[in-house]
Visitor: 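This structure is in structure tokens; I'll ask about it shortly.
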Amino acid sequence: MEYNYKQIEKKWQEKWYKENTFKASDDFTKPKFYGLVEFPYPSGQGLHVGHPRSYTALDIIARKKRLEGYNVLYPMGWDAFGLPTENFAIKNKIHPKIVTENNIANFKRQLKSIGFSFDWTKEVSTTDERYYKWTQWIFLQLFKRGLAYKQEMPINWCTSCKVGLANEEVVNGVCERCGSEVVQKNKSQWMLKITEYAERLISDLEELDYIEKVKIQQKNWIGKSEGAEVDFKLSGIDYTLTVYTTRADTLFGATYMVVSPEHELLTKFADKIENIDEVRAYQVEAAKKSEFERTELSKEKTGVKLQGLSAVNPVNNKEIPLFISDYVLTSYGTGAIMAVPAHDDRDWEFAKKFNLPIIEVVAGGENVQEAAFTDIYSGKMINSEFLNGLEVKDAIAKMIAYLEERGIGKKKVNYKLRDWVFSRQRYWGEPIPLIYCEKCGWVPVPESELPLTLPETDNFEPGENGESPLAKMTDWVNTTCPCCGGKAQRETDTMPQWAGSSWYFLRYIDPENDSAIAATEKLNYWLPVDWYNGGMEHTTLHLLYSRFWHKFLYDIGVVSTPEPYAKRTSHGMILGENGEKMSKSRGNVVNPDDMVEDFGADTFRTYEMFIGAFDQSTPWSINGVKGCFRFIERVWNLQDILTDEEGYSTDFEKAMHKTIKKVTEDYDKMKFNTAIAALMALINDIYKKGSITRGELKTFITLLNPAAPHLTEEMWERANFGGCLNETDWPKYDEAKCVDDTVEIVAQINGKVKDKIMIPADISREEMERVALENEKIVALIEGKQVLKVICVPGKLVNIVVK
RNA sequence: GCGGAUGUGGCGGAAUUGGCAGACGCGCCAGACUUAGGAUCUGGUGUCUCCGACGUGCAGGUUCAAGUCCUGUCAUCCGCACCA
């Protein structure tokens, strides 16, 4: 019987799609499972082999959960706003809407050809008006609660895309998307106060079942730091310069202060600064540099002393000099620091360069004139009056208490996380639904008028000085104020790509709903997402943003859970055959379409799961695909050796139960490679045996079904097992039948294997020892030697220690 | 610099609590069959000085026993990067 994968796969795919076989049910009495994979950005290149790795993995989980009786929601959609589409549209003079439609059609065709069990009735696209109506609605709720604000601020400006970028989109000083230089530019931007949620975004991680590296990466990204703010007075001027420090204990060692080039002090007291020209020149230099250049470590410290100004150390009243330097960042803490060169590497370097005093206040290191001593776990306070003799930790607490008592400082927690730059000067995104009125300020578009649709135009190129393309459409821009009815203008910036993906998992639950994000009872039933798989690259962007939005929606009572995803796993990357990252320029890209065409979806899926440990990156191998193709064919050919016998043959029962156990557990733990290996091992044994019973076949194809659904469904039908395989129950195993009656134990002498002996599994320890000691080889080898000890591990080994 | 991983045959990778290193697949070798195929089937395949040794990046250590635990070290990859 020939295995015609093309025909078979097409047959089942059409049936599944037409009959909505995998539609999630509205029966809320059933236990639910919400499995989620990151929806793709429908690029012109089509699907990458990385996508099916994630999608097949959760498809296996979803299919297995259905057989286990769960009501499963496993949806798919399109994250379709974004720059590449827009750039393609501009270049080829095709409307981005058309580009998007074409790309989606292609992606959908590809996904269907791989046979995923998505519930296509829940399909969403972020570019759909009925979808982004709610993206805009969420934004308005953020705005109304003061979490969206407009600010003139230096932003990362991509010189090529002509667009402001979030910090997350700047990689190594260049634009994440196009690789062009990123510079600082002042621009009035909409910002979202994600920092307000910083603490909860960290602390709530605790309860979540996320793989550890995601938690760690998010924590590091948010960058919580506990310290204190300390007030320094300037001498002779009524001004308090507040600094942030985690090392309040070292205050007696603060020998100078540094402010960032953008600090307000520099404009406020320009007339007092004797060398103001020099200072201004330094400011200009700093402004020219990109954030990346400023933060390059290797570079030497630079700075200018502020002549004419000085500060007073509040604990010893010593007068200390002030500097301006770009190693102090405006955006963190207060934009000013107290410098303790003896115990901070950066301050030490700066002090050496500018010949500033280095005073040791923590003893325990080497000579602080030679290098800073930064250890906080060893060492005791010196030269610090009331702190002397204390450990660093205690000294910090004591100093903060001292400062608080006198009202010159307080405990303070800081985060590295910055607010989210939410504006893009681009066409292909959700319009920000706000209107500016001279009289009323920023006014929301009334919710009844949502969605605020993206106006039609042929000209989506960005404006000259970085204006949004929408600004050119004056008919659309000019409107009336919803508040006072006067003349007003619309906001012309659009939202970043991350907006639509920050809540898409909610829309899947009820995609047709026009009166709410989703019906409350549906949200209550389906949330949280039980299992979310995606790439590590989304850890600090999408994953954090969507947790932020979800928490906000929780706070305003829209959703019932404080966290969107109960469990998060992450797949490794699939590399090219040469072990390098797949890319067009390297010429090592594998096209999923070719795999499906040449080997079929089942082989492709099986190989993607067999390729290696799921969470690790691993190179593609066309020979590996062929190996899986052989396996799939061998499965098909089981039909040739099928007997009429129901149930398992007696001498094969244990093998069947063991395999069920192994595959069941491995799927749950995402150890797909060893699950497939176990099925390969079993089929090898079946062919050795020469025949397969109906019971054995039924179990075998059910276990394989989540990975290779078309083949197994077809075999189910041909074997007349009744109904469809996707409606059957997951096979059960009997723990007692997973244990062998006889086991092979190892006889060792001094830890070296000398022989292997078959013994009954339930033999006593003494009996085991006796068997080993009577073993021919062992007898010969221990002859004339003194037996010191015999170690017996039941069911495993006997180790005889001799001298 | 900080944080996180990963180092096992020719290759991808297996290996509950420390207990037979190399499952499964690829590749390779030999044979069978043949309507000469992207075949298929059967057997073999860690290394060596092959009656015995040696083998999980490297060097030590703990243990009857170490891929697994401890100390040190090297290499590669990823993330963050002057965060006071």
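Treat the numbers as computed from the prediction; the structure is a model and nothing was measured. Chain naming here is simple, since letters A, B, ... match the order of the sequence lines and numbering starts at 1 in each.
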Visitor: Should the pair D740(A)-K658(A) be classified as a salt bridge under the 4.0 Å nitrogen-to-oxygen rule?
Guide: yes
Visitor: Let me know the distance between CZ of F610(A) and C1' of rC11(B), rounded to the nearest Å.
Guide: 13 Å
Visitor: Quick one, L208(A) with R547(A), criterion side-chain contact (heavy atoms from CB on, under 4.5 Å). Give me CA distance, side-chain angles, the key distance, then yes/no.
Guide: CA-CA 12 Å; L208(A) 298 172; R547(A) 287 184 61 219; 4.3 Å; yes
Visitor: Over 60° means perpendicular and under 30° means parallel, so classify the ring planes of Y667(A) and F672(A), tilted if in between.
Guide: tilted
Visitor: Answer with base, sugar-phosphate or nothing: what part of the nucleic acid does T246(A) contact at a heavy-atom distance below 4.0 Å?
Guide: sugar-phosphate
Visitor: Go through rC24(B), rG38(B), rA81(B) for me and flag the one nearest to the F599(A) side chain.
Guide: rG38(B)
Visitor: Since syn is defined as within 90° of 0, does rG9(B) count as syn or as anti?
Guide: syn
Visitor: The side chain of K301(A) is closest to which nucleotide in this list: rG25(B), rA21(B), rC82(B)?
Guide: rC82(B)
Visitor: Could you give the distance separating rU16(B) and rG3(B) at their C1' atoms, to the nearest angstrom?
Guide: 29 Å
Visitor: Which comes earlier along RNA chain B counting from the 5' end, the contact point of E633(A) or that of E226(A), where each point is its nearest nucleotide?
Guide: E633(A)
Visitor: Which dot-bracket notation, 5' to 3', represents the base pairing of RNA chain B when pairs are defined as Watson-Crick or G-U with both distances under 3.5 Å, crossing pairs as [ ], and inter-strand pairs as |?
Guide: (((((((..(((......[....)))((((((.......))))))(((...)))..(((((..]....))))))))))))....
Visitor: Would you kindly check whether a donor in the side chain of K756(A) faces an acceptor in the base of rC20(B), or vice versa, at under 3.5 angstrom?
Guide: yes
Visitor: Hey, does E744(A) reach any base, or is it just sugar-phosphate, or nothing, if we go heavy atoms under 4.0 Å?
Guide: base
Visitor: Would the Y5(A) and W636(A) ring centres measure less than 6.0 Å apart?
Guide: no
Visitor: Let me know the distance between CZ of F629(A) and P of rU40(B), rounded to the nearest Å.
Guide: 9 Å
Visitor: Any carboxylate oxygen within less than 4.0 angstrom of a Lys/Arg side-chain nitrogen, looking at E665(A) and K671(A)?
Guide: no
Visitor: Cation-pi check for Y415(A) against K224(A): NZ or CZ below 6.0 Å from the six-membered ring centre and within 45 degrees of the axis, yes or no?
Guide: no
Visitor: So which nucleotide from rG19(B), rA21(B), rC24(B) ends up closest to the side chain of I791(A)?
Guide: rG19(B)
Visitor: By the 4.0 Å heavy-atom rule, please label D598(A) as base, sugar-phosphate, or nothing.
Guide: base
Visitor: rG12(B) C1' sits how many Å from I574(A) CD1, rounded?
Guide: 12 Å
Visitor: What is the nucleic acid contact for V793(A), judged by heavy atoms within less than 4.0 Å: base, sugar-phosphate only, or nothing?
Guide: base
Visitor: For atom P, what is the distance between rG60(B) and rU49(B), given to the nearest Å?
Guide: 25 Å
Visitor: Between rG67(B) and rG22(B), how many Å separate the two P atoms, rounded to a whole number?
Guide: 12 Å
Visitor: If you go through the side-chain atoms of N623(A), does one of them form a donor-acceptor pair with the base of rC26(B) closer than 3.5 Å?
Guide: no
Visitor: Considering only the C1' atoms, how many Å lie between rG1(B) and rU8(B), rounded to the nearest integer?
Guide: 31 Å
Visitor: Could you list the protein-to-nucleotides 2-9 of chain B atom pairs, N/O on both sides, closer than 3.5 Å?
Guide:
| from | atom 1 | to | atom 2 | distance (Å) |
| --- | --- | --- | --- | --- |
| rG3(B) | O2' | N220(A) | ND2 | 3.1 |

Visitor: Run the salt-bridge test on E226(A) and K411(A) with the 4.0 Å N-O cut-off and return the result as yes or no.
Guide: no
Visitor: Is there side-chain contact between M680(A) and F610(A), with at least one heavy-atom pair below 4.5 Å?
Guide: yes
Visitor: Expressed as a whole number of Å, how far does the P atom of rA30(B) sit from that of rU35(B)?
Guide: 23 Å
Visitor: Salt bridge or not between E735(A) and K661(A)? Use side-chain N to carboxylate O under 4.0 Å.
Guide: yes
Visitor: OP1 or OP2 of rG25(B) versus the side-chain N and O atoms of R630(A): is any pair under 4.0 Å?
Guide: no
Visitor: If the plane angle is over 60° it's perpendicular, under 30° parallel, otherwise tilted; pick one for H538(A) and W498(A).
Guide: perpendicular
Visitor: C1' atom, rU63(B) versus rA14(B): distance in rounded Å?
Guide: 25 Å
Visitor: Using the side chain to side chain contact (heavy atoms under 4.5 Å, CB included) definition, which of the options K393(A), M381(A), M399(A) pairs with D249(A)?
Guide: M381(A)
Visitor: Can you tell me how far P of rA66(B) sits from CG of L797(A), to the nearest Å?
Guide: 12 Å
Visitor: Sticking with atom P, work out how far rG55(B) lies from rU47(B), rounded to a whole angstrom.
Guide: 16 Å
Visitor: What's the closest nucleotide to the Y332(A) side chain, out of rC82(B), rA84(B), rC20(B)?
Guide: rA84(B)
Visitor: Using O4'-C1'-N9-C4 for purines and O4'-C1'-N1-C2 for pyrimidines, with syn meaning within 90° of 0, is rC50(B) syn or anti?
Guide: syn
Visitor: Is S621(A) near enough to rG25(B) that one of its side-chain N or O atoms lies under 4.0 angstrom from OP1 or OP2?
Guide: no
Visitor: Quick check for you: among rG38(B), rA84(B), rG13(B), whose closest atom lies nearest to any side-chain atom of L329(A)?
Guide: rA84(B)
Visitor: Using the closest heavy atom to pick a nucleotide of RNA chain B for each, name whichever of D344(A) or A681(A) lands nearer the 5' end.
Guide: A681(A)
Visitor: Can you label the angle between the Y3(A) ring and the F629(A) ring as parallel, tilted or perpendicular, going by 30° and 60°?
Guide: tilted
Visitor: Specify the residues of residues 670-680 of chain A, ordered by number, for which at least one heavy atom lies under 4.0 angstrom from an atom of RNA chain B.
Guide: K671(A), N673(A), T674(A), A677(A), M680(A)
Visitor: Please report the closest heavy-atom contact between D666(A) and A675(A), naming both atoms and the distance.
Guide: OD2-N, 3.5 Å
Visitor: Answer with base, sugar-phosphate or nothing: what part of the nucleic acid does T539(A) contact at a heavy-atom distance below 4.0 Å?
Guide: nothing
Visitor: If you only use heavy atoms from C-beta on, which nucleotide in rC82(B), rA81(B), rG38(B) is closest to the side chain of D326(A)?
Guide: rC82(B)
Visitor: Which whole-number value in Å describes the distance from L241(A) CG to rA84(B) P?
Guide: 18 Å
Visitor: Anything under 30° is parallel, anything over 60° is perpendicular, the rest tilted; go ahead and classify F323(A) against Y256(A).
Guide: perpendicular
Visitor: Considering only atom P, compute the distance from rG18(B) to rG13(B) and round it to an integer number of Å.
Guide: 26 Å
Visitor: Give a yes or no on whether a donor-acceptor pair under 3.5 Å exists between the nucleobase atoms of rC20(B), that is its base, and the side chain of K796(A).
Guide: no
Visitor: Can a salt bridge be assigned to the pair R586(A) and E580(A) using a cut-off of 4.0 Å between side-chain N and carboxylate O?
Guide: yes
Visitor: For rG13(B), take OP1 and OP2 only and decide whether either is under 4.0 Å from a side-chain N or O of T618(A).
Guide: yes
Visitor: Would you mind classifying the nucleic acid contact of I611(A) as base, sugar-phosphate or nothing, using non-hydrogen atoms under 4.0 angstrom?
Guide: sugar-phosphate
Visitor: Counting only side-chain heavy atoms from C-beta out, which of rA14(B), rA21(B), rA84(B) sits nearest to V753(A)?
Guide: rA21(B)
